[in-house]
Amino acid sequence: MIGRCPRSPLFETARFTIRKLFETVAERLREAIIGGELRPGDKLVETELADRFGVSRGPIREALRELTREGLAVDLPRRGTIVSAATLGDLTEVYDVREALEKLAVTVAINNARAADYARLRKRFKRMDRLWSSKTAVHADR
C-alpha cells in the first residue's frame with residue numbers, strides 16, 4: 001500500500017541545509033585565494049572555472065559576484081574578473097582588528113589566570129630572557 005510518510009519525531013526534527021551550487025564554488029575559490037593558490041592579479045575566467053569545477057557558467061558567475069562583494073575579486077569592465085590585491089588600507093584594518101582582539105584576549109587571560117598560570121608565565125619569561133641574551137630568541141616560542 002502506498003501512503004504518506006508516517007509521522008515520526010525523527011522526520012519532524014530533521015533540518016537539512018542545502019547549499020546552492022554557487023555557494024560551494026565561491027567557498028572553493030575563496031579558499032584558493034586565501035590559501036595563495038590563486039594570486040592577486042590572476043584572471044578568473046568563467047569558462048575555465050566552469051570546466052575546472054564541472055558546472056555551468058551560471059554558478060561561476062554568481063560565485064564571482066559574491067567574491068567581488070567580499071572584496072576578494074575585482075570585476076573590470078570588458079576585461080573580466082581578477083583576484084584583488086590587498087591595499088595598505090586593507091592591511092592596516094586587519095592589523096587594527098588583530099590588535100584589538102589580542103588586547104581583549106590578554107585581558108580575558110589575565111582576569112581568568114590562576115597562580116599556577118602566573119608561575120608558568122614567569123618561567124617562560126626567564127627562558128625567553130636567557131635565549132634573547134644568547135642571541136637564540138627565535139627558539140623561545142617553543
Side-chain angles (χ1 to χ4, degrees), residues 2 4-142:
I2 298 176
R4 297 182 67 187
C5 204
R7 282 238 179 254
S8 161
L10 175 67
F11 292 111
E12 290 176 13
T13 60
R15 297 284 187 257
F16 299 101
T17 303
I18 299 173
R19 295 180 68 181
K20 294 180 179 172
L21 188 54
F22 88 89
E23 292 171 327
T24 302
V25 171
E27 180 181 323
R28 303 266 299 283
L29 287 171
R30 189 179 300 110
E31 289 170 0
I33 292 168
I34 292 170
E37 183 183 339
L38 291 171
R39 305 174 66 79
D42 282 354
K43 289 189 87 172
L44 299 170
V45 181
E46 285 181 16
T47 54
E48 291 173 9
L49 292 170
D51 288 343
R52 176 179 173 183
F53 289 111
V55 299
S56 67
R57 289 174 58 187
I60 299 296
R61 196 172 300 118
E62 287 183 63
L64 293 178
R65 277 192 216 116
E66 179 65 24
L67 294 175
T68 300
R69 278 191 295 271
E70 293 173 11
L72 293 172
V74 179
D75 188 27
L76 303 172
R78 295 181 303 281
R79 294 192 323 192
T81 306
I82 62 167
V83 175
S84 67
T87 65
L88 180 59
D90 295 334
L91 296 175
T92 301
E93 285 180 26
V94 167
Y95 280 99
D96 287 345
V97 170
R98 183 175 176 177
E99 179 183 23
L101 290 173
E102 288 180 4
K103 284 179 181 178
L104 177 62
V106 168
T107 302
V108 169
I110 288 171
N111 290 336
N112 294 314
R114 299 180 309 255
D117 298 322
Y118 286 116
R120 280 195 304 275
L121 192 56
R122 270 190 227 91
K123 186 177 176 181
R124 284 276 190 188
F125 280 140
K126 286 180 183 178
R127 182 169 186 259
M128 287 177 70
D129 280 341
R130 267 194 331 273
L131 290 168
W132 188 260
S133 299
S134 67
K135 306 281 191 243
T136 57
V138 72
H139 302 290
D141 230 6
R142 296 182 184 165

Subject >> Validation row: Ile82, Leu76 side chains within 4.5 angstrom (heavy atoms) >> reply: yes
Original post:
Atom NZ of Lys126 and atom CG of Leu131: how far apart are they, to the nearest 0.5 Å?
Top reply: 14.5 Å
**OP:** Provide the full list of salt bridge (charged side-chain N to carboxylate O under 4.0 Å, His left out) pairs with a residue in residues 65-91, sequence neighbours left out, each pair given once.
**Re:** Arg30-Glu70, Glu66-Arg69
If you look only at distance, which donor and acceptor atoms sit under 3.5 Å apart when one is on a side chain in residues 47-54 and the other is two or more places apart or in another chain?
residue, atom, partner, partner atom, Å
Arg52, NH2, Glu37, OE2, 2.9

Original post:
Counting N and O atoms only, with roles assigned by atom type, does the side chain of Asp42 sit under 3.5 Å from a partner on the main chain of Arg39, one being a donor and the other an acceptor?
Top reply: yes
**OP:** Starting at CD of Glu46, measure out to CG of Leu64 and round the result to the nearest 0.5 Å.
**Re:** 6.0 Å
**OP:** Answer yes or no: does atom OH of Tyr118 have more than 12 heavy-atom neighbours from other residues, nucleotides or ligands under 6.0 Å?
**Re:** yes
Subject >> Sub-4.5 Å side-chain heavy-atom contact between Leu44 and Leu38 >> reply: yes
Enumerate, atom names and distances included, each donor-acceptor pair closer than 3.5 Å involving a side-chain atom of residues 97-107, sequence neighbours excluded.
residue, atom, partner, partner atom, Å
Arg98, NE, Glu102, OE2, 2.8
Arg98, NH2, Glu102, OE2, 3.4
Thr107, OG1, Lys103, O, 2.9

Subject >> 4.5 Å side-chain heavy-atom contact, Val83 and Leu29 >> reply: no
Original post:
Distance-only, no hydrogens or angles: does the Ser84 side chain make a donor-acceptor pair with backbone N or O of Gly71 under 3.5 Å?
Top reply: yes
Subject >> Approximate separation, where rounding is to 0.5 Å, of Ile110 CD1 and Leu121 CG >> reply: 9.0 Å
**OP:** Supply the atom-to-atom distance Glu93 CD to Leu88 CG, rounded to the nearest 0.5 angstrom.
**Re:** 10.5 Å
Original post:
Counting distance only, does the side-chain N/O of Asp117 pair as donor-acceptor with the main-chain N or O of Arg114 below 3.5 Å?
Top reply: yes
**OP:** Can you see which heavy atom on Leu67 is nearest to which on Ala26, and at what distance?
**Re:** CD2-O, 3.9 Å
